[in-house]
Amino acid sequence: QVQLVESGGGLVQPGGSLRLSCAASGSIFSINTMGWYRQAPGKERELVAAKGSGGSTNYVDSVKGRFTISRDNAKNTVYLQMNSLKPDDTAVYYCNAEGVVRIGYASSRDYWGQGTQVTVSS
């Protein structure tokens, strides 16, 4: 089975920074896209940033210029550097691995992490 383990959430003041990490483990052959979603209370889950295996990136408009996604393909790990945090960034952040092919399997599937809370408040 594949597991995604997230770390790095917490409480930070407006204008501060946090770095989220997500490591995928479990006999993985390849991962197409790794990314971060977030869900605030009363709102739908939204894509924050994603990075393809070839290096392409995608960001939601509200975080452009403030958040940076990076990825270590050899370690099946994705990071989200979050700077200039705002109270509107408060949410549970979920790691997503899309198109995961496990060793010995022909098909792929998607996996989610358990979520990590990010709270931006003074």
Side-chain angles (χ1 to χ4, degrees):
Q1 189 57 281
V2 172
Q3 287 189 320
L4 303 183
V5 178
E6 301 145 336
S7 61
L11 173 64
V12 64
Q13 292 186 343
S17 298
L18 283 175
R19 188 184 191 222
L20 305 183
S21 300
C22 171
S25 62
S27 301
I28 296 170
F29 177 73
S30 64
I31 303 176
N32 184 20
T33 300
M34 296 190 77
W36 293 92
Y37 288 70
R38 67 186 179 187
Q39 187 166 20
K43 294 187 177 181
E44 293 186 354
R45 189 175 297 190
E46 66 170 354
L47 173 67
V48 177
K51 193 170 184 71
S53 58
S56 62
T57 58
N58 185 29
Y59 294 93
V60 66
D61 285 346
S62 60
V63 308
K64 287 180 180 178
R66 300 188 298 121
F67 292 10
T68 302
I69 188 169
S70 59
R71 178 175 170 177
D72 186 333
N73 290 333
K75 296 181 179 180
N76 292 323
T77 299
V78 65
Y79 307 94
L80 186 67
Q81 178 65 44
M82 304 185 293
N83 299 328
S84 302
L85 282 160
K86 306 175 181 180
D88 282 350
D89 296 317
T90 296
V92 178
Y93 284 69
Y94 295 92
C95 177
N96 172 260
E98 179 184 307
V100 180
V101 179
R102 296 173 61 194
I103 295 172
Y105 290 76
S107 60
S108 66
R109 58 160 289 186
D110 302 344
Y111 293 88
W112 290 90
Q114 78 283 359
T116 185
Q117 177 70 46
V118 171
T119 301
V120 184
S121 174
S122 56

Begin with the C-alpha distance, continue with both residues' side-chain angles, and end with the deciding distance and a verdict on side-chain contact (heavy atoms from CB on, under 4.5 Å) for Cys95 and Trp112. CA-CA 6 Å; Cys95 177; Trp112 290 90; over 6 Å; no
Test side-chain contact (heavy atoms from CB on, under 4.5 Å) applied to Ser7 and Thr116, step by step: CA-CA 7 Å; Ser7 61; Thr116 185; over 6 Å; no
side-chain contact (heavy atoms from CB on, under 4.5 Å) between Val63 and Arg38, intermediate numbers included: CA-CA 12 Å; Val63 308; Arg38 67 186 179 187; 4.0 Å; yes
Take Met34 and Lys51 through the test side-chain contact (heavy atoms from CB on, under 4.5 Å) and record every step on the way to the result. CA-CA 6 Å; Met34 296 190 77; Lys51 193 170 184 71; 5.8 Å; no
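Here SG of Cys22 is found 5.0 Å from CH2 of Trp36. Values are rounded to the nearest 0.5 Å. Considering CE of Met82 and OG1 of Thr68, their distance stands at 11.0 Å, rounded to 0.5 Å. Taken from CD in Glu6 to CG in Leu80, the straight-line distance is 11.0 Å, to the nearest 0.5 Å. Once rounded to the nearest 0.5 Å, the distance linking CD1 of Ile28 with CD of Gln3 reads 10.0 Å. Atom CZ in Phe29 sits 8.0 Å away from atom CD1 in Ile103 (nearest 0.5 Å). The distance from the CG atom of Leu85 to the CZ atom of Arg66 is 6.5 Å, given to the nearest 0.5 Å.
The two residues Gly26 and Val2 come nearest to each other via the heavy atoms O-CG2, 3.7 Å. Pairing each heavy atom of Arg102 with each of Tyr111, the nearest pair is CD-OH, 3.7 Å. For Asp110 against Gly99, the heavy-atom pair with the smallest separation is OD1-N, 2.9 Å. Taking both residues in full, the closest heavy atoms of Arg71 and Ile31 are given as NH2-O, 2.7 Å, listed atom of the first, atom of the second, then distance. Considering every non-hydrogen atom in both Tyr59 and Ala49, the closest pair reads CD2-CB, 3.6 Å. For the residue pair Ser53 and Asn73, the shortest heavy atom distance occurs at O-ND2, 3.4 Å.
Cluster membership check: Ile69 shares its hydrophobic cluster with Leu4, using side-chain heavy-atom separations under 4.5 Å among Ile, Leu, Val, Met, Phe, Trp and Tyr. In the hydrophobic clustering of ILVMFWY residues, with side-chain heavy atoms under 4.5 Å counting as a link, Tyr79 and Val92 come out apart. Cluster annotation: Tyr94 is not connected to Val100 through the hydrophobic network of ILVMFWY side chains, with a link wherever side-chain heavy atoms come within less than 4.5 Å.
In the displayed structure, Gln117 atom CD is contacted under 6.0 Å by more than 12 heavy atoms of other residues, nucleotides or ligands.
Under the 3.5 Å distance criterion, the side-chain polar atoms of Glu98 are left unmatched by any main-chain donor or acceptor of Thr33. One N or O on the side chain of Thr90 and one on the backbone of Val120 form a donor-acceptor pair closer than 3.5 Å.
The shortest distance between side-chain heavy atoms of Leu11 and Thr119 falls below 4.5 Å.
Tyr93 and Phe67 have tilted rings, their planes meeting at an angle from 30° to 60° on a 0 to 90° scale.
Ion pairing between Lys86 and Asp89 fails under the 4.0 Å rule for side-chain N and carboxylate O.
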